[in-house]
Asks: 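I'd like to ask some things about the structure below.
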Amino acid sequence: MVCGPARADPPAGVASFLLPLLVWSIISYVPFIWHPQVLVSNPGDSGMLSVGTRIDRSQFDEENQRLVTAGKRIAVGDPANPIFLPAPHEVGKALASAYTTEPRRGDKWLHEALWHSITVIVYGFVLCSIIAVPLGIMCGTWSFFSRLFEPFIDFVRYMPAPAFGALAIAITGINDGPKISIIVIGTFFQMVLVIANTTRQLDGALLEAAQTLGASDRRLLTRVVIPGILPNLYTDLRVLLGWAWTYLIVAELIGASSGISYFINQQGKYRNYGNVFAGIITIGLIGLITDQILGWLSHFLFPWSGAQPPTRPSRIAFAMRSSPPTAR
């Protein structure tokens, strides 16, 4: 069975979040599922343990065995998961407190770190798009530009963007310049190839019809190619925006550490893993909300796209000709 375009299905959408939450809750609250550690509530006569200590179950049993052998009071504790896996309610509390509890000296509030990250993402993605979108359309439209640029772009896209970190710092300084540069480098080459491929999938019959009517190369580009690919181009940019977010963690640790990634790493150092999860979930929520808003806007920007049949690769070479094809 062939699946059609994805449609809004609120119950399924809610279930897609409830299922992982259910698994997380079972792991967190059902003692016999995992819980490899013990949270000490009464250390007994142990000099090694104290109230609130989280220790592996095997070490806890060994300590109690030693206490029994010595005729002392044993320790008491409750099954617990490692500190790096807080329960859902703990993460919920962290989400609330991160916006209301004053951070340590030198650290930023979560909303300040988040806004800084959004600024870096916007600058990096916009700068990347300004160059990559036209270049991708050119490569997908004219075979000359495809042969000229795509081999090198295909070569560079396999290079990890963080490898350019030292060069980015040397060229742009230690503030936001290197972060924006890493996002641009990590997204640019993929964007060119994705958009070029989208452009090539425009129905070749549209080009042949326009050429038959005597359209020039410029008019083919502005009146046929660009309008024809706009809905799919918009979707590509939505996907690539998520790609840009994946480089944020590394980008924000280059040069002067800042933003939501720095917040997450600092909270990890403080062993506040509830705040770590809160930061990660916040990034996911921002990405999801942004994508949903962009998807909603697409219905108004491209009202005709929903009625279009799926695009298919053209069998003709997508190199424009200056003269119309010979009538048969």
Side-chain angles (χ1 to χ4, degrees), residues 103 106-142 144-199 233 236-269 276 279-280 282-284 286-287 290-291 294:
D107 292 345
K108 290 186 176 182
W109 290 82
L110 177 57
H111 64 271
E112 292 177 330
L114 195 57
W115 178 250
H116 186 273
S117 296
I118 292 173
T119 303
V120 170
I121 284 288
V122 169
Y123 279 131
F125 193 74
V126 170
L127 288 174
C128 176
S129 300
I130 288 173
I131 303 173
V133 170
L135 184 58
I137 294 174
M138 290 167 59
C139 289
T141 303
W142 289 287
F144 169 78
F145 290 106
S146 176
R147 293 193 299 267
L148 180 63
F149 292 113
E150 287 196 40
F152 179 74
I153 291 174
D154 202 33
F155 163 70
V156 178
R157 77 185 178 99
Y158 286 101
M159 299 180 182
F164 295 91
L167 287 175
I169 293 174
I171 296 171
T172 63
I174 63 171
N175 294 317
D176 288 342
K179 312 176 197 313
I180 295 172
S181 300
I182 293 301
I183 292 173
V184 170
I185 294 171
T187 311
F188 175 82
F189 302 99
Q190 311 293 341
M191 184 179 292
V192 171
L193 296 178
V194 168
I195 293 175
N197 184 65
T198 294
T199 305
L233 174 61
D236 288 342
L237 292 178
R238 285 174 57 191
V239 174
L240 289 163
L241 179 60
W243 191 297
W245 273 96
T246 62
Y247 286 99
L248 184 67
I249 294 292
V250 175
E252 288 189 331
L253 297 180
I254 293 175
S257 297
S258 59
I260 186 66
S261 306
Y262 179 69
F263 173 86
I264 292 173
N265 278 275
Q266 287 296 100
Q267 297 305 312
K269 292 178 181 178
V276 171
I280 294 172
T282 301
I283 293 176
I286 290 176
T290 302
D291 187 71
L294 292 175

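Side chains are part of it too, since the values below use all heavy atoms of this structure and drop only hydrogens, waters and symmetry mates.
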Asks: Out of curiosity, Ile254 CD1 to Ile180 CD1, how far, rounded to the nearest 0.5 Å?
Replies: 12.5 Å
Asks: How far apart are the C-alpha atoms of Tyr247 and Ile121, what are their side-chain angles, what is the distance that settles it, and do they pass the side-chain contact (heavy atoms from CB on, under 4.5 Å) test?
Replies: CA-CA 9 Å; Tyr247 286 99; Ile121 284 288; over 6 Å; no
Asks: Within the structure provided, determine whether Phe263 and Leu114 are in side-chain contact (heavy-atom separation under 4.5 Å).
Replies: no
Asks: Can you tell me how far the CD atom of Glu150 sits from the CG atom of Asn197, to the nearest 0.5 Å?
Replies: 9.0 Å
Asks: Please report the shortest heavy-atom distance between Lys179 and Ala251, naming the atom on each side.
Replies: CG-O, 3.2 Å
Asks: Pro178 and side chain to side chain contact (heavy atoms under 4.5 Å, CB included): which single residue from Leu167, Ile169, Ile171 fits?
Replies: Ile169
Asks: Between atom CG of Leu294 and atom CG of Leu241, what is the distance when rounded to the nearest 0.5 Å?
Replies: 7.0 Å
Asks: With sequence neighbours excluded, tell me which residues meet salt bridge (Lys or Arg N to Asp or Glu O under 4.0 Å) with Arg238.
Replies: Asp291
Asks: Does any N or O in the side chain of Lys108 come within less than 3.5 Å of the main-chain N or O of Gly259, such that one atom is a donor and the other an acceptor?
Replies: no
Asks: Write down the atom of Ile260, the atom of Leu110, and the distance for their closest heavy-atom approach.
Replies: CD1-CD1, 3.2 Å
Asks: With heavy-atom distances below 4.5 Å as the criterion, would you say the side chains of Met159 and Phe164 are in contact?
Replies: yes
Asks: For Phe145, check ring pair (Phe, Tyr, Trp, His ring centres under 6.0 Å) against everything at least two apart and list the hits.
Replies: Trp142
Asks: What distance do Phe152 atom CZ and Arg157 atom CZ have between them, rounded to the nearest 0.5 Å?
Replies: 13.5 Å
Asks: Compare every heavy atom of Ile264 with every heavy atom of Val276, then report the nearest pair and how far apart it is.
Replies: CG2-O, 3.6 Å
Asks: With rounding to the nearest 0.5 Å, note down the distance linking CD1 in Ile286 to OG in Ser117.
Replies: 8.0 Å
Asks: Looking at Trp243, I want to see if its CH2 is surrounded by more than 12 non-hydrogen atoms of other residues, nucleotides or ligands under 6.0 Å.
Replies: no
Asks: How close do Gly140 and Thr199 get, counting heavy atoms only, and between which atoms?
Replies: C-CG2, 3.8 Å
Asks: Restricting to non-hydrogen atoms, name the atom on Ser146 and the atom on Pro151 that form the minimum distance, rounded to 0.1 Å.
Replies: O-CD, 3.5 Å
Asks: Side-chain atoms of residues 181-195: list all donor-acceptor pairs with protein atoms under 3.5 Å, sequence neighbours left out, distances to 0.1 Å.
Replies:
residue: Ser181; atom: OG; partner: Gly177; partner atom: O; Å: 2.8
residue: Thr187; atom: OG1; partner: Ile183; partner atom: O; Å: 2.8

Asks: Step by step, would you call Asp176 with His116 a side-chain contact (heavy atoms from CB on, under 4.5 Å)?
Replies: CA-CA 9 Å; Asp176 288 342; His116 186 273; 3.1 Å; yes
Asks: What heavy-atom pair brings Phe149 and Leu135 nearest, and what distance separates the two atoms?
Replies: CD1-CD1, 3.7 Å
